Amino acid sequence: MDFRTIPPGAGGLAAMATDALLVVLAGTSRPDGLDTALATLLDAVVEAGDFEFKAGSTVVLHRPAGVAAARVVFVAMPAATAAAWRKAVHAGVAAIRSGGAKSVVIGSVGGAAIDDVLAEATVAAVHDATYTYRRTKPSAPAASRLDSVRLACDKAAAKRVDEGLVRGQAIAAGVLLARELANRPANHCTPSDLADEARTLGKAHGLKVEVLDRKDAEKLGMGAFLAVAQGSEQPPRFIVARWNGGRKGDAPVVLVGKGITFDTGGISIKPAAEMDEMKFDMGGAASVLGALRALAGMKARVNVVGIVPACENMPSGRAVKPGDVVTSLSGQTIEILNTDAEGRLILCDALTYAERFEPAAVVDVATLTGACVIALGHHRTGLFTPDDALAAELLAAGERALDPAWRMPLDDEYDEALKSNFADMGNVGPRAGGAITAAMFLKRFTRKLRWAHLDIAGTAWKSGPAKGATGRPVPLLVHFALARAR
Ligand code: BES
Ligand code: MN
Ligand code: ZN
C-alpha cells in the first residue's frame with residue numbers, strides 16, 4: 001500500500017481524480033468549507049434519510065455529478081478526536097474495500113487540520129480495514145484491491161503529515177506481523193516456528209537474533225521456564241532479538257513477551273469451551289517482535305532488546321504437577337500450585353535474564369490473566385508498575401498511539417496472597433484481584449530493574465465473529481521506545 005499526501009488543488013476535493021474520494025465530515029451538521037458539488041450531494045443524501053451526522057454513518061455514491069472521483073464516500077465524525085478520525089477512516093475504507101477501487105483520496109472537512117497524529121491513524125485504519133488472514137485459509141476472499149492512499153492536506157502541513165505516514169507505515173508493518181503470528185494456529189506457530197520468524201525478521205531488518213534451546217536454559221538454571229516447557233513434545237525456545245539503533249553503550253529498553261504458543265492449562269487443565277483461543281497466548285511475544293519490526297523499519301535511534309520465552313503448556317506424563325517446587329533463574333523457589341498460571345513462570349526467568357542488559361527500563365507484555373479481562377474489558381491494557389515516571393511514560397505512549405492502557409495498583413498488601421509453606425512463593429493467589437497478584441508475582445523478580453508489566457489478555461485479540469489478533473500493544477510499545485530515542 002502506497003501512502004502519500006496530496007495538496008487540494010484550486011478545484012478542491014471535488015476536482016480530485018481518484019477511484020474513491022473519502023470525505024470525513026466533522027461535527028453534527030454539514031460543515032462549512034465543502035465544495036458546492038459535494039455539498040449538493042450531501043444535502044441530497046441527508047434529505048433522503050441515507051446519511052446522518054452520527055458516528056459510523058457512511059454512504060457511497062457512484063459517479064456523482066460534478067465530482068471527478070468515480071465514487072464518493074461520506075463518513076460522519078461527530079467527535080473531534082484522533083480516535084474518532086481513525087474510526088471514521090476505517091468505516092469509510094470498509095465501505096469500499098471489497099469493491100473495485102484501487103486508489104482513494106481522503107479529505108477532512110470541518111475538523112482539525114490533518115497532522116502527523118491523524119496521518120498515523122489513517123495508515124492504521126486503512127491497514128486494519130483491509131487485512132485478511134490467509135496463511136491457513138488461502139481461499140479467503142482476495143485481499144482488497146486498494147493500493148494507493150492519498151491524504152489531502154495543505155502544502156504547509158505536508159512535511160509533518162508525511163512523517164506521520166512514514167511512522168504509521170512502520171508501525172502498521174509491526175502490527176501486521178503481530179496479528180499474523182498471533183492468528184496462526186498453534187500447529188503452525190510452535191516455539192521453533194517463532195524462533196525461525198525472529199531469525200527471518202533479523203535478517204530482513206538488521207536485528208541481532210540469538211536463540212537459546214533447552215540445554216542452554218538448563219545450564220543457566222531457568223527452572224521456572226523449563227517447568228512449563230517440560231510437558232510438551234515441542235522443544236522450548238528462548239529468543240533474544242536486539243535492535244541497536246541508539247548510541248553504543250546507551251542502556252537499552254528491554255521488552256519481554258510471553259510466548260506460550262498454546263496454553264492448555266497443563267495438568268490444571270482448562271475447560272474445552274474456547275480453548276482454541278489459547279493459541280493467542282503468544283500475543284505478547286508477537287507484539288514484541290512486531291515492535292522490533294516497526295522500530296527497525298523506521299531506523300529508530302534507540303537500543304531495544306526483545307526477549308521471548310517460548311514454549312507450550314501441555315499436560316503429559318512429564319508435565320509439571322500442582323505442588324511441584326522449582327527453582328527459578330533468580331534462585332527463588334516457587335511452589336506451582338496451579339499449572340495454568342504458567343505465564344508468570346516463564347516471564348520471571350526472562351525478567352531475571354533481562355538484568356544482564358543493564359536496561360534503562362524493562363516492560364513485559366503478556367496475555368497473563370482472565371482477571372484482567374474482567375477488570376478492564378477489551379479496550380484498555382492493564383498497566384502495572386511501582387514506578388510513577390515509567391507509568392506516566394507508558395500511559396502517554398498509549399494515548400498518543402491510540403492504544404490505551406490503564407494503571408492498576410501494586411500495594412504490598414497484595415503480596416500476602418503468594419505466601420507458601422513449601423517454597424519462597426506460590427504461583428497463584430485467590431481469584432479476587434487475580435491480575436494484581438500475577439503482577440505482584442512478577443514484581444518479586446524485578447528488584448534490580450525499572451519495570452512495568454502490561455496485561456494484554458483483553459486487548460491482544462477479539463473473540464466472536466471477528467475472532468482474531470489485534471496487533472496490540474505494538475503501537476504503544478513503539479511510541480514508548482520512540483519517546484526515549486535520542
Ligand atoms: N493465558 C491465560 C490467561 C488468559 C485467560 C488470557 C483468558 C486470555 C483469556 C493464563 O495463562 C491463565 O491461564 N491464567 C489463569 C491464572 C489463574 C490460574 C490464577 C487465569 O486467568 O485463569
Ligand atoms: Mn494459563
Ligand atoms: Zn497462559
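Note that the structure is predicted; figures quoted are calculated from it, not measured. We count ligands from 1, going down the list as the structure has it; atoms in each ligand are counted the same way. Values reported hereafter were calculated over all heavy atoms of this structure, with side chains retained and with hydrogens, waters and symmetry mates removed.
- Under a cut-off of 6.0 angstrom, the local environment of NZ in Lys279 is crowded, with over 12 non-hydrogen atoms contributed by other residues, nucleotides or ligands.
- Asp263 contributes OD2 as its N, O or S atom closest to the Mn ion (ligand 2).
- Geometrically, Arg356 engages Tyr353 in a cation-pi contact, judged by NZ or CZ lying under 6.0 Å from the ring centre and within 45° of the ring axis.
- Among the candidates Leu118, Thr122, Val75, the single residue satisfying the side chain to side chain contact (heavy atoms under 4.5 Å, CB included) test with Val89 is Thr122.
- Looking at Ser144, its side chain does come within 3.5 Å of a backbone N or O of Arg97 through a donor-acceptor pair.
- When each of Leu345, Asp415, Leu347 is paired with Phe441, the side chain to side chain contact (heavy atoms under 4.5 Å, CB included) condition holds for Leu345 and for no other.
- Judged by distance alone, with hydrogens and angles left aside, the side-chain atoms of Asp455 form a donor-acceptor pair with the main-chain N or O of Leu368 at under 3.5 Å.
- Closer than 4.0 angstrom to ligand 1 by heavy atom are Lys258, Asp263, Lys270, Met278, Asp281, Asn338, Asp340, Glu342, Arg344, Thr367, Leu368, Thr369, Gly370, Val428, Ala457, Trp461, sorted by chain and number.
- Considering just the N/O/S atoms of Asp281, the one nearest the Zn ion (ligand 3) carries the name OD2.
- With a cut-off of 2.8 Å, the Zn ion (ligand 3) has an N, O or S atom of Lys258 in range.
- Residue side and main chain included, Glu342 places an N/O/S atom under 2.8 Å of the Mn ion (ligand 2).
- A salt bridge between Lys258 and Asp364 is absent, with no side-chain N of the basic residue lying under 4.0 Å from a carboxylate O of the acidic one.
- Closest N/O/S atom of Asp263 to the Zn ion (ligand 3): OD2.
- At least one donor-acceptor pair closer than 3.5 Å links the side chain of Thr385 to the backbone N or O of Trp451.
- Nearest N, O or S atom of Glu342 to the Zn ion (ligand 3): atom OE2.
- When atom types are taken as modelled, the side chain of Ser57 and the backbone of Lys54 share no donor-acceptor pair closer than 3.5 angstrom.
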